[in-house]
Amino acid sequence: MLSPAALQLSPTYYRDNFQQLANQAQRLYHDLLTQQERHWLAAYQRLPLAAQCLYVRLLSRKGQWFRRDKLHYDEIDEIDTAAQQLQEAGLIDIVTLKEIAADDSKLHTFNTQPSELLALFTKAELGQCLSVAGWRTMKREPLLQLVQQQWPENIEKLTHAPLFWVCSQDFLELLQLLFFGHLQQSLTDFVLSDLGIYRYEQYELSTAQRLFQQRQQLEAHWQFERWRQDLPELKSLSADALQDLLDSLPHAVDTTMARRVERIRLQLARQLERCGEATAALSYYQQCQRHPARERRLRILHQQKDPQRLELAQQMIEAPWSEEERVFTQRFVARMKSDPLAKMLEPAADISQQQLLLDEQGNTLWRERGVEFAALQSYVDEHGGSGFYIENTLFTAVFALTFWPVLFAAVPGAFFHPFQQRAADLYEADFRSRRQDIVAECEAVWQAGPDDWWSQLQQTWQEKNGLANPLLHWPALESCWQELLPLAVQRIPTAHWRSTFDFLWQDIRRHRSGMPDLIVFPPQGGYRLLEVKGPGDTLQPNQRAWFAQFARHDIPAMVLQVRSS
DNA sequence: GGCTGGTTAG
DNA sequence: TTCACACGTTCAA
DNA sequence: GAACGTGTGTCTCTAACCAGCCAG
Ligand SMILES: [Mn+2]
Ligand SMILES: [Mn+2]
């Protein structure tokens with residue numbers, strides 16, 4: 001394990017990171033940039049180091065106004081010189097409150113509200129400098145109201161020090177978008193990685209394929225990502241507001257954007273349903289081609305006794321979009337009381353259940369560490385052997401370690417910046433087929449036999465330990481891995497591994513969750529998966545999908561109904 | 001003077 | 001940018 | 001019983017710093 005203290009950043013780390021963003025944009029996307037953007041980048045690149053540093057410091061802070069007298073950076077000796085150079089390069093403006101107060105047009109030029117400038121000062125400064133009677137007892141809000149009313153009278157008394165105005169946050173945003181492909185990651189990711197807080201696989205970056213080919217595509221993404229970022233809490237929105245948002249969703253310009261737009265369309269439509277507008281939601285669900293759009297539609301149509309429900313149900317039975325949808329449809333249609341449809345259903349696989357009564361000690365464990373640990377201890381006490389509380393972690397981990405080279409293979413477009421925890425297309429349907437050769441190599445290892453496979457797993461576990469991977473929760477397994485892995489490899493038959501891996505391959509995104517809580521290894525050999533359920537809990541849809549899969553492949557899984565005695 | 005939430009930094 | 005559980009409410013059968 | 005909403009704990013990167021607020 002790397003200790004964070006051992007990793008030191010350069011004094012100008014933030015500028016160096018920004019430099020990487022700028023360089024990549026200029027190298028890969030020069031032809032997609034506007035004249036203004038090119039000039040901006042060129043102006044930045046011509047600056048001396050100290051000015052670049054000051055600029056990036058300011059750019060990465062909130063707001064566009066800064067007080068000179070509040071800026072202190074150890075690594076920038078002459079802030080005023082640097083600021084002067086930035087002004088000459090046209091990257092910032094330097095202005096005093098006196099100048100702003102004297103010229104009405106200044107606020108307009110700087111696209112600024114008085115409140116943005118007042119935000120630079122504390123309550124005490126506002127009250128004392130502007131001689132507001134009784135400011136000490138006022139809250140900040142009413143004080144601001146008062147001061148704004150007398151704007152611009154006397155405001156120069158707040159400070160004689162210059163103010164810096166930085167307007168090009170948009171450009172930084174553009175660089176982020178070009179580098180990461182979205183706006184969720186930022187310069188912070190460089191730091192966290194350099195500090196060793198996040199550690200990423202050293203995959204090979206894809207240079208052949210750009211994220212954006214045309215300015216129009218770039219603009220569409222930019223606008224959408226910004227819109228997405230500013231989206232308010234859905235819960236706070238009225239039905240009308242939701243409909244407006246739904247109607248203003250953009251047309252996607254590529255499959256990536258289409259996926260993101262549709263995800264939001266589903267969320268908005270679902271929220272619209274919660275507002276009691278089920279009928280309106282129907283038409284939005286109809287535009288969606290992914291789960292749970294048809295599930296929601298079928299529920300609504302059924303509730304409204306709409307005749308169309310039969311046709312929809314039939315389509316869903318015949319060609320489900322996902323295992324979760326298939327499992328839902330099978331159960332739901334059974335309750336729809338439609339003879340023709342009922343004939344189309346698969347025979348329902350029964351899920352074996354067992355009761356588990358907890359003693360006094362078990363009840364204590366339940367309260368203190370959760371129902372799963374209580375069930376685990378009680379079961380192992382009674383039946384002997386050993387057991388582990390693993391939920392999704394064991395199977396996704398063994399899968400990820402077995403196919404590690406596949407997950408991080410350098411396929412065109414899969415990796416385009418150094419801070420990805422997964423390939424861009426990991427959750428796409430053709431992920432596996434695009435890497436078929438490497439899949440075959442990895443399968444050869446695990447099918448070579450338990451010993452070869454086991455040592456390969458151990459080696460990858462050691463080698464990759466701690467590297468970011470959505471299928472691997474390292475800390476959760478750390479304490480039990482050495483004990484658990486040999487048992488798992490010996491006791492779980494190859495055929496079961498195969499069907500489990502196949503199921504994961506089928507839909508990595510959805511099938512990474514829903515696996516049972518416990519795995520137990522009885523003294524007489526074999527293994528068993530146990531899903532623990534307290535009194536008020538039943539199988540979730542994704543858990544049903546896994547249990548259906550277990551039934552198809554004779555994998556020993558059951559539900560443990562836990563009751564306290 | 002303690003508590004809290006937002007911002008900044010590495 | 002999670003995942004799962006517990007608990008309470010509502011609704012329909 | 002089914003479906004749903006909500007709160008909770010787990011996970012969250014962490015710590016310093018600052019302003020605002022309020023109880024005493
Ligand atoms: Mn669970
Ligand atoms: Mn459970």
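Within every chain, numbering begins at 1; the chains are lettered A, B, ... in the order of the sequence lines, protein sequences first and strands thereafter. Basis for what follows: all heavy atoms, side chains included, without hydrogens, waters or symmetry-related copies.
A/Q184 comes within contact range of no nucleotide atom at all, as no heavy-atom separation falls under 4.0 Å. Using a 4.0 Å heavy-atom distance criterion, A/Y73 is classed as a sugar-phosphate-only contact. Counting non-hydrogen atoms under 4.0 angstrom, A/E295 reaches nothing in the nucleic acid. Contact annotation for A/E531: backbone-only contact, meaning every heavy-atom pair under 4.0 Å involves sugar-phosphate atoms and none involves a base. Using a 4.0 Å heavy-atom cutoff across all strands shown, A/R296 reaches sugar-phosphate atoms only and no base atom. A/R270 comes within contact range of the sugar-phosphate backbone alone, with a heavy-atom separation under 4.0 Å but no base atom that close.
A salt bridge (Lys or Arg N to Asp or Glu O under 4.0 Å) with A/E325 is found for exactly one of A/R290, A/R296, A/R294, namely A/R294.
Distance from the side chain of A/R140 is smallest for D/dG20 among the nucleotides D/dA2, D/dG20, B/dT7.
A/Y44 has its ring centre no less than 6.0 Å from the ring centre of A/F171. Checked against a 6.0 Å centroid threshold, the rings of A/Y14 and A/F190 do not count as neighbours.
For D/dC22, the paired base is B/dG1 (Watson-Crick or G-U wobble, both distances below 3.5 Å).
Summary of the strand contacts: A/G514 and A/Y198 both lie near DNA chain C, and taking for each the nucleotide with the nearest heavy atom, the more 5' one is attributed to A/Y198. Checking A/S513 against A/Q185, the closest nucleotide of DNA chain C that is more toward the 5' end is the one next to A/Q185.
Contact check, A/R61 against B/dG6: no side-chain N or O comes under 4.0 Å of OP1 or OP2.
Here the shortest heavy-atom pairing between A/L178 and A/L211 reads O-CD1, 3.9 Å.
To the nearest whole angstrom, the two C1' atoms, one in D/dC13 and one in C/dA4, are 24 Å apart.
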